[in-house]
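A short worksheet on the structure shown next.
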Amino acid sequence: MESRLSRYIWTHTRKDQLWILVVVAFSMIPYFLSFDLPKQIVNGPIQGDGFDSPEATQAFLAISFDLPYLGTINLFDGFQLGREGMLLALSLVFLLLVVVNGLFKFYINTFKGRLGERLLRRIRFELVDRVLRFPPTHFKRVKPAEISTMIKDEVEPLGGFTGDAFVSPALLGGQALTALIFILLQSFWLGLIATVIVAVQAIIIPRMRKRLLVLGRERQLTARELSGRVSEIVDGIGTIRGYDTSNFERADIASRLARIFKIRYDLYQWKFLVKFINNFLAQVTPFLFYSIGGYFALQGRLDIGQLVAVIGAYKDLPGPLKELIDWDQARQDVQVKYAQVVEQFSVDPLLDPKVHAIAATSAEPLSGALAAVNLTVTDDGGATLLDHVSLQVQPGEAVALKPGGEVLAEAFARLIWPASGRILIGSQDILEMPESVTGRRISYASSDVYVFQGSLGDNLLYGLKHAPLTEVRYEGEGAAHRKWELVEAKLAGNPHFDVNSDWIDYRAAGATGPEDLLVKIRPVLDAVLLTNDVMALAVRSTIDPNRNAAFAAGIVEMRGALRQRLEKEKLSDLVVFFEPGSYNIEATIGENLLFGTITDQVMWDGALDGHPFFKTVLQRVGLRDVFYEMGLEIAENVVELFRDLPPDHPFFQQLTFMTAEDIPVYEALLQKVRGRARADVAEDDQIKIIRLCFGYIEPRHRFGLLTDELMARIVAARREFDEGLPADLAGMIEHYRPNRYIASGSIIDNVLFGRIGHKHADGSEKIRAIVRDLFEAVGLYNDVLAFGFDFNVGAGGKRLTAGQRQKLDLARALIRICDFYIFNQPLLALDQRVQEQVIRNVFALLRQDGRNPAIVWVVANPAVMELFDRVAVFENGRLLRDDDTEVGANEGPDYKEMAS
C-alpha cells in the first residue's frame, strides 16, 4: 500500500480531483464579484455617486473593453436606470450571486462527498482483501475485534478527507486569497493588517495543534485496545465465570477507561486553548478595521463604500482561514491514522492475488500424489512442530495419522506454511496453486470449527460457493440500480460480482441443479448422524401456510395417517388429539376453553387484564367464580411447594403458569385476599388469580382440581369464546380446526394436532420416530428437512451444540466431490462409539458409486485402523513409523455392503 495518504488519494481520484479543481477556479469569479457589489451599491444608488440630479441615469450591464491600440470597444450599452432602479437591479444581481455561489458550494460539497465515499469503499475493500491474503501465522497475532475496528471505524475519517485533500486547500485558500486581494485593492494598510493576522494564525495554530495529533493517536490506540479487550471478555466469558475473575476484568477495564479519560481530558483542554487563541486573533482584526478604517474614512482616505466592502470581505475571511487550518490538522491526523492502518496491514508475505483469482469453471481432478517433502514447521516462538517430515499420500489411498500428525494435516490443507520443505501435489507446490483448484479438490474438516452466522443450510453449502454461476435479470428500477452498482463498483475498484446470483456449484456436489441437490445431501447427513438433529430443528419450526400451501395441505392429511398408524401399533393413547366436542386432558385449560393457541402473548395478557369480553363471558358461562377458587388453590399449592426452592430449581420448568419471580408476588397476594369473598377483592387481584387457571394441566401438575363436570362445562363454553370474540381480539387467537393448518404452531404440533400423553415415559422419542417414518411415506421428508436448513445457527453457530457444529463441518466437507479428504480429529466433541460409527459411515460413503478419493484422517481409535491402508505414527514432531496396516489396500472391508 502507498505510504502517504495524499499519494494514495491522487492515484485513485486524479481525474475527479482535476475536474473539481477547475470548478473551484470558476467559482472564484462570482465569489470576487460578491465582494465588489456592496461597494457599488453603497457608493452608487445609496450615496448618489453618479446621480447628480433626480433625473440622472446610469448604464446597467454595460459591457465594454479597453484594449491597447484599439481603444474602448463597446459590446453592449446596457440599460439606462435611475437611482431607485439601479438600487433594485444591483440588489437583484447581489441576490443572484448569492444563489450562484450557493450552487457552486452545493455542487462542490456533493462531489467531494461522493468522491470520499467512493475512496472509503475502495480502501475498506482493499483492507478486507488483504485480510483474506494474510499468511496463516498472522491471524494468531491479531485480535479480530481490532482488525474489524480499523476497517470499520478508523478508516472512516479517510473517506471524509478524500474530497477535501486537494479541493479544500484550493477552495478555501482561493476564497481567503480572493478576500485578501480585494481588501488590499481597497486599502493597502487594512490589507496589510489582515495579512499579518492571517500569517500569525497560519504559523502559530498549526504548531500548537501538533500536540493534538499526539493525543489523538494515543486515544486511537487505547480505544482499539479496549475494543480487543472487550472482545476477549465476550469470547472468554465461560473461563471468566468458571474461575471467578469477573472483578479482575472489571478492574482491568476500569484502568483502561481511566487512561482513555485522561487522554481525552488533555485533548479537550489543549483543543479549546487552541480554539480560544484562534478566535481571539480572528476577533482582533474587526476591532482594527473599525478603529483604523474608521479613522481613514474620517480623514477622507477611504470612502464609506470601501470600508463597508472591506468589513464585508473580512467577514468571509476568518471562515475559510479557520477551515483551512482545520484542514491542515485533519490532514496530519488522517495521515497518522492511515500510517497506522498501513502498518497493521502491511504483512509479509501476502498471498499472491493470482491464488484467489475467480474461476467459474470446475477444476480438473488432481492426478498426482499429495506429498510432504522434508517438511519442517515451526510456531511463532520458533519451536519445531514438524521436523523434516516426508510422507506421500497416493490418489485413492487411506492414511491414518496418529495424534501428533495434526500439524501435518493442517499443512496439507494450507492452513500453516512450512518453515522449510514443501507440500506438493504431483510436481506442483501447493502454495503456488490457485485456491480455485486446491479449494475445490481438497476438503478439510477439524474439531476447530467455525460456523458463520446465518442459516444451517447456508453453512452446509458454504463449500460449494466459488463463483457466480447465473446472471440475475433485473427489471425496472432494479435494472437501473444494478447498472448504477456496476458503475460505482468499477470506479471504487470493487469486483462486480452479483451476490444475488446463484453461487452454488451443483456439479461439485454431484447434482445437476437445486432440484436434486437434497438427494445428494441426505446421504451425507445420514453418514455424519446429523439428519435427526436437522429434523428436530425442522419439526419445531413454524412456517407460513399461505406461502407453503401444498406442504401445509400435506401435513393436514398426515393427521389421519398418524391416527391409523397409532391404532395399528396399539399406541392410541400416545397422543391425545384435539376434538371439538371433548376436553384434551394433556392441554392447558386455556387451550381447551379457547380451542386454539395464542398468537400474541403480550396482547393476550393485556386483554385478560383490561378487556371486558373475558370478564363478561366468564361470568355468563358461570366459570368466573369457579376459576377464582381454582386459582386460589393453585396459588396456595405452588407457594407452599416452591417458595423455599432456589429460582433455578428444575421443578420450575414444570410450571406453565408461574415463574420463580412470581412466587413472592402471589404469596403476598394470598395474604391479602385470604378469608375475603371474591366480591370484596379488587378487580386486578381477581384477574391475577384467575389467569393462573389458563396454564393448568392436570396430568402434569396433579393438584386434583379438574373434575369431569368442570371439563364438560369448559367444553360447553367454547362456543361463547369462538362466536362472540370481538374484532379487535380476533387476530389474537387461532382456533383449532381439524382440516386447517395452525399457522402459529410448529410442524410437529400440526402433525399431532394434539398433545403427547403422559402415560409413556419415552413418548416423545416414539412419536418422533413414527412421524419421521410418515414423512418418508407421504413424500414430505425432504420438504421438512429443507425447513430445518432455514434454522438460524446464531453468532458462530452458538445455537448448535459443539457436537452438532462438528458434524455440520464434517458434512460441509463431505458434500463436495474431491480428490483428497483431510480430517483432523473432526469429532472430538462426540464419544468414541459415535466417532467410530461416523468414521465407518464416511468410508462407506466415499467408497461407493465408484468413488475412490484419498483419505487422510488424524485418528486415535484403534478399532477403525482396519479401514486404512497405512498408519503414520508421530512423536515430538518426527515421523517415527509409516507402516501398512493388517488390512491391505486390496483387502479392505466391503464399503458397498457397509453403505447399505
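Along the sequence shown, residues are numbered consecutively beginning with 1.
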For Ile815, run the side chain to side chain contact (heavy atoms under 4.5 Å, CB included) check against Leu460, Leu517, Leu810 and tell me which one passes. Leu460
So does Arg522 pair up with Glu776, basic N to acidic O under 4.0 Å? yes
Minimum heavy-atom distance between Arg565 and Asp773, given as atom pair plus value: NH2-OD2, 3.3 Å
Verify, without hydrogens or angle tests, whether Ser746 (side chain) and Arg540 (backbone) share a donor-acceptor contact under 3.5 angstrom. no
Do Val472 and Ser501 have side chains that approach each other closer than 4.5 Å (heavy atoms only, starting at C-beta)? yes
Atom CG of Asp448: over 12 foreign heavy atoms under 6.0 Å: no
Side chain to side chain, Leu780 and Ile555, heavy atoms closer than 4.5 Å: yes
For the CG atom on Asp708, are there more than 12 heavy atoms of other groups (residues, nucleotides or ligands in this structure) within a distance under 6.0 Å? no
Sub-3.5 Å donor-acceptor pair from the side chain of Asn548 to the main-chain atoms of Asp544, do we have one? yes
Would Phe577 and Phe753 count as a close aromatic pair, with their ring centres under 6.0 Å? no
How close do Leu594 and His735 get, counting heavy atoms only, and between which atoms? O-ND1, 2.9 Å
Please check if the number of heavy atoms outside Glu471 that lie under 6.0 Å from its CD is greater than 12. no
Do Asp526 and Thr531 meet the criterion of a side-chain donor-acceptor pair at a distance under 3.5 Å? yes
Of all the heavy-atom pairs spanning Tyr666 and Ala635, show the shortest one and how long it is. CD2-CB, 4.4 Å
Hey, are Glu579 and Arg559 close enough for a salt bridge, meaning a charged N less than 4.0 Å from a carboxylate O? no
Rounded to the nearest 0.5 Å, what's the gap from CG on Asp573 to CD1 on Ile756? Could you check? 12.5 Å
Counting only heavy atoms not in Arg737, do more than 12 sit closer than 6.0 Å to its CZ atom? yes
Identify whether the distance between the nearest side-chain nitrogen and carboxylate oxygen of Glu698 and Arg702 falls below 4.0 Å. no
Within the side chain of Arg507, is there an N or O that forms a donor-acceptor pair under 3.5 Å with the backbone of Thr512? no
For Ser447 and Gln806: C-alpha separation, side-chain torsions, deciding distance, then whether side chain to side chain donor-acceptor pair (under 3.5 Å) applies. CA-CA 6 Å; Ser447 58; Gln806 290 184 356; 4.8 Å; no
Step-by-step ring-ring contact (aromatic ring centres under 6.0 Å, His included) determination, Tyr450 to Phe452: CA-CA 6 Å; Tyr450 189 82; Phe452 295 94; 5.2 Å; yes
Which atom of Val528 lies closest to which atom of Ala811, heavy atoms considered: CG2-CB, 3.9 Å
Crowded around Lys465 NZ? As in, over 12 foreign heavy atoms under 6.0 Å? yes
Pairwise side-chain contact, Leu692 with Phe627, heavy-atom cut-off 4.5 Å (strictly under): no
Hey, mind stepping through Asp498 and Tyr474 against side-chain contact (heavy atoms from CB on, under 4.5 Å) and telling me if it holds? CA-CA 11 Å; Asp498 190 350; Tyr474 297 92; 2.7 Å; yes
So do Met558 and Asn750 actually touch side chain to side chain, heavy atoms under 4.5 Å? no
Among side-chain atoms of Asn532 and Arg768, is any donor-acceptor pair under 3.5 angstrom? no
Residues Glu591, Arg755: salt bridge by 4.0 Å N-O rule: yes
Under a 3.5 Å threshold, yes or no: a donor from one side chain and an acceptor from the other, between Thr597 and Ser744? yes
Can you check whether Arg678's main-chain N or O pairs, donor with acceptor, with Gln686's side chain at less than 3.5 Å? yes
Taking the six-membered ring for Trp, is the centroid-to-centroid distance between Tyr741 and Phe551 below 6.0 Å? no
Which distance, rounded to the nearest 0.5 Å, do you find between the CG of Leu670 and the CD of Glu640? 11.0 Å
Check whether any side-chain heavy atom of Leu752 sits under 4.5 Å from a side-chain heavy atom of Phe578, and report yes or no. no
Can you check whether Val449's main-chain N or O pairs, donor with acceptor, with Asp809's side chain at less than 3.5 Å? no
For Arg851, look at atom CZ and say whether over 12 heavy atoms of other residues, nucleotides or ligands are found less than 6.0 Å away. yes
Hey, what do you get for CG (Leu593) to CE (Met711), rounding to the nearest 0.5 Å? 14.0 Å
Do you know the tightest heavy-atom contact between Val784 and Val539? CG1-CG1, 4.1 Å
Can you tell if the side chain of Leu469 reaches within under 4.5 Å of the side chain of Asp502, non-hydrogen atoms only? no
CZ-CG distance between Phe595 and Asn584, expressed to the nearest 0.5 angstrom: 8.5 Å
When you check the side-chain N and O atoms of Asp516 and Tyr506, is any donor under 3.5 Å from an acceptor? no
Student check: side-chain heavy atoms of Phe791 and Val534 closer than 4.5 Å: no
Do you know the tightest heavy-atom contact between Met630 and Ile589? SD-CD1, 3.6 Å
Between Glu636 and Arg674, is the closest basic N to carboxylate O distance under 4.0 Å? yes
Out of curiosity, Leu574 CG to Ile767 CD1, how far, rounded to the nearest 0.5 Å? 4.5 Å
Measuring from atom CG of Leu623 to atom CG of Leu710, what distance do you get when rounded to the nearest 0.5 angstrom? 7.0 Å
Are the side chains of Met658 and Asp662 in contact, using a 4.5 Å heavy-atom criterion? yes
For Arg676, does the CZ atom sit with more than 12 other heavy atoms under 6.0 Å from it, leaving out its own atoms? yes
Looking at Asp505 and Arg816, is any side-chain nitrogen of the basic one under 4.0 Å from a carboxylate oxygen of the acidic one? no
Between Gln835 and Leu830 (side chain of the first, backbone of the second, donor and acceptor by atom type, cut-off under 3.5 Å), is there such a pair? yes
